[in-house]
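Working notes, beginning with the structure itself.
Quick note: residue numbers are just sequence positions, from 1.
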Amino acid sequence: MPFMKAGGCVTHLHYFKTKITTMALLKTFTKTIFFSFVILITAQSTTFADGGFPVRPGRLLISPSVSYFFANSAWDTTGGPAKRYPNNGKYSSVSGVLYAEYGISRKFAAVASLPYVYNTYSQDNTKNITSSGITDLETGIRYYLANIDYIYYFSIQGTAITPLYSNNPSLGYGEEGGELKLAVSGSGMLFNKSIYFNAFDGVRQYFGTNGPIQNRYGGTFGVSLDDQFENQLSVSATGIFSQSDDTRFSPILESNKDFSFFEMSLSYGHSFTHEISLFATAGKFLTGYNTSQGTLFSLAFIYRLDYR
């Protein structure tokens with residue numbers, strides 16, 4: 001049974017300074033759910049989506065996943081100590097993502113992800129505000145650059161971002177974008193245990209007015225717990241740094257575009273068969289600015305189908 005490779009989860013939210021009024025609640029909710037969209041999508045990208053390991057030609061990987069994110073405090077624009085949301089505010093988000101990856105040849109693979117989110121924000125003595133829908137479709141091509149002794153692999157990936165909604169800032173920027181990402185992966189032995197690692201760094205640009213440019217980075221280290229490679233543990237560090245000329249806390253029809261966060265997560269993976277695996281992940285935001293300080297839990301299934 002092949003050694004499993006799974007990654008950490010990550011998701012992120014905007015913090016919005018509000019007064020304890022209905023309009024302020026709407027503004028805070030809009031910011032928060034947009035951050036959750038970004039974080040949950042990142043969080044549910046398992047490591048095979050971010051690493052350099054090649055996919056066998058003719059193999060289709062399908063990974064449905066679900067995540068739950070919760071936050072009641074946030075870092076402001078200074079990145080100082082996190083503060084509670086006004087009026088005992090609480091935010092939660094449930095997200096589902098369908099990810100697919102197909103090996104076209106020994107050098108190329110096609111990737112795609114389609115997310116759906118359901119978000120809730122509440123304050124004391126105020127009616128809950130919810131938002132839900134399909135967010136940004138991401139499609140891309142990965143090219144495997146090289147390998148070293150078939151142990152270390154290098155890849156580059158280009159991704160197109162297409163919003164499947166309009167005039168709804170609670171689901172994202174509503175802008176097309178693109179990303180270029182480099183990745184390296186490797187495997188080996190450490191203290192008589194099979195290990196692997198993944199590391200990636202990508203630059204993403206949204207093309208709208210003051211569209212942010214983002215650096216998305218991360219790394220995963222995993223170890224097999226048995227000789228049959230059926231169980232594994234992995235630890236991941238992931239972050240996003242987003243920069244834009246628009247540094248304001250925006251009204252409800254806009255979304256914050258200037259923020260950052262750094263998150264750590266721990267994952268457990270189990271392979272039931274050669275074709276089916278399950279990964280469970282728990283993550284925590286450690287630092288950031290213009291970002292909610294939250295906790296994330298996720299489950300991801302991986303199905304492997306060979307067509308050649």
(request) Kindly indicate, with the supporting measurements, whether the criterion side chain to side chain contact (heavy atoms under 4.5 Å, CB included) is fulfilled by Thr77 and Asp258. (result) CA-CA 9 Å; Thr77 55; Asp258 198 75; over 6 Å; no
(request) Test Phe279 against Ser65 for side chain to side chain contact (heavy atoms under 4.5 Å, CB included), laying out the working first. (result) CA-CA 9 Å; Phe279 299 96; Ser65 57; over 6 Å; no
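A single hydrophobic cluster is seen to contain both Val184 and Ile148, as judged by linkage of ILVMFWY side chains at heavy-atom distances under 4.5 Å, directly or through other members. A continuous path of hydrophobic side-chain contacts links Tyr116 to Leu137 [ILVMFWY only; heavy atoms under 4.5 Å]. One hydrophobic cluster holds both Tyr102 and Leu305 under the rule that ILVMFWY side chains link at heavy-atom gaps under 4.5 Å. Residues Val235 and Tyr217 fall within the same hydrophobic cluster, defined by Ile, Leu, Val, Met, Phe, Trp and Tyr side chains chained together at heavy-atom separations under 4.5 Å. Following chains of ILVMFWY side-chain contacts shorter than 4.5 Å, one cannot reach Phe191 starting from Met189, and the two form parts of different hydrophobic clusters.
Taking Gln243 as the reference, nothing meets the side chain to side chain donor-acceptor pair (under 3.5 Å) condition, with sequence neighbours excluded. Taking Tyr118 as the reference, nothing meets the ring-ring contact (aromatic ring centres under 6.0 Å, His included) condition, with sequence neighbours excluded. When the ring-ring contact (aromatic ring centres under 6.0 Å, His included) test is applied to Tyr153, the partners found at least two apart in sequence or on another chain are Phe53.
Looking at heavy atoms from C-beta onward, Gln157 lies out of side-chain contact with Phe200 at the 4.5 angstrom threshold. Proximity of Leu98 to Ile62: side-chain heavy atoms (C-beta onward) are separated by under 4.5 Å at one or more points. The shortest side-chain heavy-atom distance between Leu145 and Ser155 does not fall under the 4.5 Å cut-off. Side-chain contact check for Thr281 versus Leu296: every heavy-atom pair is 4.5 Å or farther apart. Contact annotation: the side chain of Asp306 never approaches that of Arg304 to less than 4.5 Å [non-hydrogen atoms, C-beta and beyond]. At least one side-chain heavy atom of Val111 sits under 4.5 Å from a side-chain heavy atom of Tyr99. The closest side-chain heavy-atom distance from Phe259 to Gln214 is below 4.5 Å. With contacts defined as side-chain heavy-atom distances shorter than 4.5 Å, the pair Thr295/Tyr68 does not qualify.
Expressed to the nearest 0.5 Å, how far CZ of Phe221 lies from CG of Leu190 amounts to 5.5 Å. To the nearest 0.5 Å, atoms CZ (Phe301) and CZ (Phe272) are separated by 6.5 Å. In this structure, the separation between OH on Tyr152 and OG on Ser185 is 12.0 Å, given to the nearest 0.5 Å. Between Ile156 atom CD1 and Leu180 atom CG the span is 4.5 Å, to the nearest 0.5 Å. Between the CG atom of Asn231 and the OG atom of Ser224 there is a distance of 7.5 Å, given to the nearest 0.5 Å. We find the CZ-CD1 distance between Phe261 and Ile240 to be 4.0 Å, quoted to the nearest 0.5 Å.
Judged by distance alone, the side chains of Asn119 and Ser93 do bring a donor and an acceptor atom under 3.5 Å apart.
Remark: side-chain polar atoms of Thr139 are not paired, donor with acceptor, to backbone N or O of Ala112 under 3.5 angstrom. Side chain of Lys107 to backbone of Tyr144: a donor-acceptor contact under 3.5 angstrom is found. Using a distance-only test at 3.5 Å, with no hydrogens or angles considered, a donor-acceptor pair links the side chain of Gln123 to the main chain of Pro86. A side-chain donor-acceptor contact under 3.5 Å links Asp226 to the backbone of Gln228. Between the side chain of Glu176 and the main chain of Phe207, no donor-acceptor pair closer than 3.5 Å is present. Under a 3.5 Å cut-off, the side chain of Tyr303 and the backbone N or O of Glu275 do not form any donor-acceptor pair.
Asn125 CG: 12 or fewer foreign heavy atoms inside a 6.0 Å radius.
Using a 30° and 60° split on the angle between ring planes, Tyr143 and Phe108 fall in the tilted class, from 30° to 60°. Using cut-offs of 30° and 60° for the angle between ring planes, the Tyr268 and His270 rings count as parallel. Relative ring orientation between Tyr289 and Phe241 is described as perpendicular, the plane-to-plane angle rising above 60° on a 0-90° scale split at 30° and 60°. Using bins of under 30°, 30° to 60° and over 60° for the plane-to-plane angle, the ring pair Tyr121/Tyr91 lands in the tilted bin.
Paired with Ser73 under the rule side-chain hydrogen bond (donor to acceptor under 3.5 Å, both in side chains), one option of Arg84, Lys90, Gln293, Lys83 passes, and it is Gln293.
Counting all heavy atoms, side chain and backbone alike, Val55 lies closest to Gly103 at CG1-N, 3.8 Å. The two residues Ile161 and Gly178 make their nearest non-hydrogen contact at CD1-N, 3.9 Å. Of all heavy-atom pairs between Val97 and Pro115, the closest is CG2-CB, 3.7 Å. Closest heavy-atom contact between Ser234 and Leu266: O-CD1, 3.3 Å. In this structure, Arg216 and Tyr206 approach most closely via the heavy-atom pair NH2-OH, 4.0 Å. Taking both residues in full, the closest heavy atoms of Asn215 and Gly202 are given as OD1-O, 3.2 Å, listed atom of the first, atom of the second, then distance.
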